[in-house]
Amino acid sequence: MALNPSTKKLKKSFYQRELLTVAKDLLGKILVKSIGKEFLAGKIVEVEAYHGDKDEAAHSFGGITKRNEIMFESGGYLYVYFTYGAHHCCNVVTGKKGQGTAVLIRAVEPVVGLTSMIKNRFGRKLNSEKEIFNLTSGPGKVCQAFRIDRANSGTDLTGKEIFILDREKIKSKDIGVSKRIGITRSVDLPWRFFIKDNPYLSRR
DNA sequence: ATCAAGATTACCT
DNA sequence: GGTAATCTTGATA
């Protein structure tokens, strides 16, 4: 599948809406990273929402720090953090300035640039076709495949380096909802959203 | 200056 | 299903 030139970049107005609305609407959209002449692209299939006011699991819950300050910007920026001494995770900042709301991109379905993603993830060629489903099926994996790290935190998503293309709108009946994964506080909030039955989810 | 915890992953049994 | 790896960040002294 090639990038459809008729698709358009999502604008600031898309991101600057209410957190949970943006989280669900991001499903089915195409995350794109430009690296030199090449483009890497993946369809967003799994996300989680984080809220600075009513969500103890959010990095923004305790207020602004040097690490999370971009989360408090108005919607339309990328927030990238490093965790467990090994992994980067990327988030889309949403809402209005000062809210501290963002959507974690947990998994994408590879669309363009598969060869580079495979190299970025494994440093070799595929051993088996099954490894395709292990390329971008988790937040740390997405960042490794797309070569996203803290240097990309603060990127304006309406720019040329990293952006998201409008594509399909997933119907609510096709969106799964669950508790979030890997957190220890505010564990009962049903703020994980995913495309039902998609084979590239972090959990099947 | 020191310390504990972490929005994960890969590898083990 | 369980857990070690690994290091940045933010809190505390």
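Chain identifiers are assigned alphabetically (A, B, ...) following the order of the sequence lines, protein sequences preceding nucleic acid strands; residue numbering begins at 1 within each chain.
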Quiz item: Considering all heavy atoms of both residues, which atom of Val112(A) and which atom of Phe39(A) are nearest to each other, and what is their separation?
Solution: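 Looking at all heavy atoms of both residues, the shortest contact is CG1-O, 3.4 Å.
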Quiz item: Would you call Leu10(A) and Leu165(A) a side-chain contact if the rule is heavy atoms closer than 4.5 Å?
Solution: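 When only atoms from C-beta onward are counted, Leu165(A) and Leu10(A) do not touch, as no gap falls below 4.5 Å.
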Would you mind reading off the distance between [X] atom [atom1] and [N] atom [atom2], rounded to a whole angstrom?
X         : N       : atom1 : atom2 : answer
Phe122(A) : dT9(B)  : CZ    : C1'   : 12 Å
Leu135(A) : dA10(B) : CG    : P     : 11 Å
His88(A)  : dT9(C)  : NE2   : P     : 10 Å
Leu104(A) : dT8(B)  : CG    : P     : 7 Å
Ile105(A) : dT8(B)  : CD1   : C1'   : 16 Å
Leu189(A) : dA7(B)  : CG    : P     : 14 Å
Tyr81(A)  : dT9(B)  : OH    : P     : 9 Å
Arg203(A) : dA10(B) : CZ    : C1'   : 15 Å

Does [N] have OP1 or OP2 sitting under 4.0 Å from an N or O in the side chain of [X]?
X         : N      : result
Arg150(A) : dT9(C) : yes
Thr83(A)  : dA7(B) : no
Arg67(A)  : dC7(C) : no
His87(A)  : dT9(B) : no
Arg106(A) : dT8(B) : yes

Practice problem: Give a yes or no on whether Arg203(A) atom CZ has more than 12 heavy-atom contacts from other residues, nucleotides or ligands under 6.0 Å away. | Solution: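 Count not over threshold, so no.
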Quiz prompt | Stacked pair Tyr50(A)-dA7(B), distance under 5.5 Å, angle under 30° | solution = yes
Self-check item: Watson-Crick or G-U wobble mate for dT6(C), both contacts under 3.5 Å
Solution: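 No nucleotide pairs with dT6(C).
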Quiz prompt | dA7(B): pairing nucleotide in any strand, Watson-Crick or G-U under 3.5 angstrom | solution =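 For dA7(B), the partner nucleotide comes out as none, under the 3.5 Å rule.
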Quiz item: Has the side chain of Tyr84(A) got a donor or acceptor that lies under 3.5 Å from a partner of the other kind on the base of dA5(B)?
Solution: no
Once you apply a heavy-atom cut-off of 4.0 Å, does [X] come out as touching a base, just sugar-phosphate, or nothing?
X         : result
Thr184(A) : sugar-phosphate
Ala86(A)  : nothing
Arg192(A) : nothing

Quiz prompt | Which nucleotide in dG10(C), dA10(B), dT9(C) has an atom nearest any side-chain atom of Lys141(A) | solution = dA10(B)
Quiz item: With respect to the side chain of Phe82(A), which nucleotide from dA7(B), dT8(C), dA10(B) is positioned closest?
Solution: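 Selected nucleotide (nearest to the side chain): dT8(C).
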Quiz item: Is it true that Asp166(A) and Lys9(A) have a side-chain N and a carboxylate O under 4.0 angstrom from each other?
Solution: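 Between Lys9(A) and Asp166(A) there is no salt bridge, as every charged N stays at least 4.0 Å from the carboxylate O atoms.
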Quiz item: Can you tell which of Tyr50(A), Tyr81(A), Phe82(A), Phe72(A) makes a ring pair (Phe, Tyr, Trp, His ring centres under 6.0 Å) with His59(A)?
Solution: Tyr81(A)
Self-check item: Set of salt bridge (charged side-chain N to carboxylate O under 4.0 Å, His left out) partners for Arg121(A), sequence neighbours left out
Solution: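 If we apply the salt bridge (charged side-chain N to carboxylate O under 4.0 Å, His left out) test to Arg121(A), skipping adjacent residues, there are no hits.
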